[in-house]
Amino acid sequence: MFVVFGLLPLLYTAWVSLHDWDLIDGPRAFTGVDNYAQLLSDWRFYNALGNTVSIFLLSTVVQLLAALGLAALLNRPLRASSWWRAGVLLPNVVSVVAVALVFGQLFGDTSGTVNAVLELIGLDPVDWHSDRWSAHLAVSVMVIWRWTGYNALLYLAAMQSIPQERYDAAALDGASRWQAFWLITVPGIRPTILFTVVISTIGGLQLFTEPQLFDPLGTSGTGGTDRQFQTLVMYLYERGFTEYDAGYAAAVAWAVVAISGIVVLVNFGLVRRMVARS
Amino acid sequence: MTVTTPRPAQHRTHRKPDAADSPRGPLRWWVYALLLAVGAASIFPLYWSFVVASSDGADASGLPSLIPGPHLMENLARVVDTVDFWFAVQNSLIVASTVAVANVTLSTFAGFAFAHLRFPGRNTLFLVVLGTAMVPAQLGVVPLYLVVSDLGWYGRLEAVIVPALAGAFGVFWMRQACEQAVDPDLVDAARLDGCSVLRVIWHVVVPAVRPQALVLTMLTFLSAWNDFFWPLIVLDPVRSPTVQVVVSELASGYFTDYALMLTGATLGVLPVLVIFVLLARRIVTGIMHGAGQGVR
């Protein structure tokens, strides 16, 4: 089962990517690395890559910092602690489709709630969909909303395994709460932080549903009229499943695998170095 | 059910105030204030979805009132008129239940094998399983589509069920459950007495890992219920849609009707909320103990 549905697809993807391959009619010709050569000079690929990285950085940085703060709050002696934990996890279990539609309404250009509030307090409405950076921000807000609580729970679990003695010793040395947080808590959960960076990377580079459904006009996968919020997987979807160019879509898939692999390897390198240091 | 059971003691002993913490004094109101703000932000989009779903379609533009309106039933009727919603619910139930049951069964077998049986290549095989988790599933869609359409499954539920029958996450989860909850001596004793592996699993493993298995069932049910990318590609929006596919269809009309869209979205989220409310604590514990341990 794992070989069939786990590893084989990647090899098969590589094989398909070396062909001029129609999704419906099958392979037409072996073309070697032609698809990859085309990819390297395809501005739409670079556009999607840039959008993906931009949304990924925006959402990951904010999400992980917020999760760190939230975990510190949850780590204090609270009444009804399990309810708070459940509350912060709630966004993570809700269907992404529903999330994307609600936020699509909130960030609507002409009739959205956020713009209505902005106008109410005397600010100019924002073109959430047509402006590239605003669209990235809106999509990032959805990602942040979904994942902050989940990451906070992972951090909380790690924080609870830090021995209390370290904090007692720091208190004796006169450390403030703030110093204790940065000198004991954060180093103590370093492996978990890097783990969340890895999973956010893999997830962030695969972002699809949120931006796909953020597009109010249909499901063609272009991510706005100027492709201003088309991500890599949306581009894969557009080429493979609306234009039926399986060979090219497979090449895009492999490019994403390679990029994810590089980022994850860099992260593992960091983990090893940090573990060695402590 | 769990009302009278005291919470496990370990929660209390692990729990401690932050560090150089001032004594548990008054100043802590702001902790609750911040948490309340986070909680409100978590719930608001769902509440908002319900508000818009119960509003008049025309009201939904601009700043509608903050309280639900009286139009929920009308909107519900419009959803059912626009798409085949109940058919989609039925499809989603079939897919999600099959996937959940299969996953738990297969993962329990595999998890037990990895935790308690010695066989050649065990560690290598487990690394392979974990490796499949590292490869983003969405990136294998092209060959998966080709295989599925060769089998003649395009537009059929098999196309979304079969590839999801087993997963690395479940195996990892159940291996951990077996390591923590199953006594290896009991396994050895049962095997010495001539129990077959199947009987060991049924009489020793299953009773011990039932709570973790329940959480895994619900988590796989939720992820199958919520899945969108693969069903969008391989299912036929008319002949075999799942709930997520029809809800997204509501959004793809030429005219954006938020009341209609968000009524569909709210309905699609309801089963998720029910499961979550029933099992929230166990899911939280599972995530905290499950994923955390992988790193430490």
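Keep in mind that what you see is a predicted model, and the values were worked out from it rather than measured. Residue numbers begin at 1 in each chain, while the letters A, B, ... track the order of the sequences.
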* Asked: Between CG of A:Leu106 and CZ of B:Phe44, what distance do you get to the nearest 0.5 Å?
  -> 6.0 Å
* **Shortest non-hydrogen contact between B:Val142 and A:Ala249, atoms and distance** => CG2-CB, 3.9 Å
* Might you point out which heavy atoms bring B:Ala251 and A:Leu101 nearest each other, and give the distance in Å? => CB-CD2, 3.6 Å
* Between A:Val102 and chain B, which part of the residue has a heavy atom less than 4.5 Å away: side chain, backbone, both or neither? -> both
* With only heavy atoms counted, which part of A:Ile199 is less than 4.5 Å from chain B, the side chain, the backbone, both or neither? -> neither
* **Heavy-atom side-chain contact between A:Leu236 and B:Val141 under 4.5 Å** => yes
* To do: Report yes or no: do A:Ser95 and B:Trp225 form a side-chain donor-acceptor pair below 3.5 Å?
  => no
* Atom group of A:Trp15 that falls short of 4.5 Å from chain B, counting heavy atoms -> neither
* Asked: How close do B:Ser42 and A:Leu90 get, heavy atom to heavy atom, and via which atoms?
  -> O-CD2, 4.4 Å
* To do: Ignoring hydrogens and angles, tell me if any N or O in the side chain of A:Trp145 forms a donor-acceptor pair with the backbone of B:Ala41 under 3.5 Å.
  => yes
* Asked: Under the ring-ring contact (aromatic ring centres under 6.0 Å, His included) test, which residues partner A:Phe107, sequence neighbours left out?
  -> A:Trp128
* Using non-hydrogen atoms only, which part of A:Trp178 is less than 4.5 Å away from chain B: side chain, backbone, both, or neither? -> neither
* Can you check whether A:Leu213 reaches B:Ser248 side chain to side chain, under 4.5 Å on heavy atoms? -> yes
* **Least distance between heavy atoms, A:Gly108 atom then B:Tyr258 atom** => CA-OH, 4.0 Å
* Asked: Do the non-hydrogen side-chain atoms of B:Leu35 and A:Leu78 ever get within less than 4.5 Å of each other?
  -> yes
* **Atom pair CZ/CZ of A:Phe241 and B:Phe229 - distance to nearest 0.5 Å** => 6.5 Å
* To do: Heavy atoms only: give me the nearest A:Ala98-B:Val269 pair and the separation to one decimal.
  => CB-CG2, 3.3 Å
* To do: Please flag which part of A:Arg166 lies under 4.5 Å from any non-hydrogen atom of chain B: side chain, backbone, both or neither.
  => neither
* **B:Leu34 side, atom CG; A:Leu70 side, atom CG - distance, nearest 0.5 Å** => 9.5 Å
* What part of A:Leu23 gets closer than 4.5 Å to chain B, counting heavy atoms only: side chain, backbone, both or neither? -> both
* Output the distance between atom OH (B:Tyr32) and atom CG (A:Leu73), rounded to the nearest 0.5 Å. => 11.0 Å
* Distance-only, no hydrogens or angles: does the B:Asn226 side chain make a donor-acceptor pair with backbone N or O of A:Val93 under 3.5 Å? -> yes
* Is chain A contacted by the side chain of B:Leu46, its backbone, both, or neither, given a heavy-atom distance below 4.5 Å? -> side chain
* Asked: Can you find a heavy atom in the side chain of B:Val147 that is under 4.5 Å from one in the side chain of A:Tyr12?
  -> yes
* **Partners meeting salt bridge (charged side-chain N to carboxylate O under 4.0 Å, His left out) with A:Asp173 (sequence neighbours left out)** => none
* To do: Find the distance between CG (A:Leu153) and CE (B:Met288) and round it off to the nearest 0.5 Å.
  => 6.0 Å
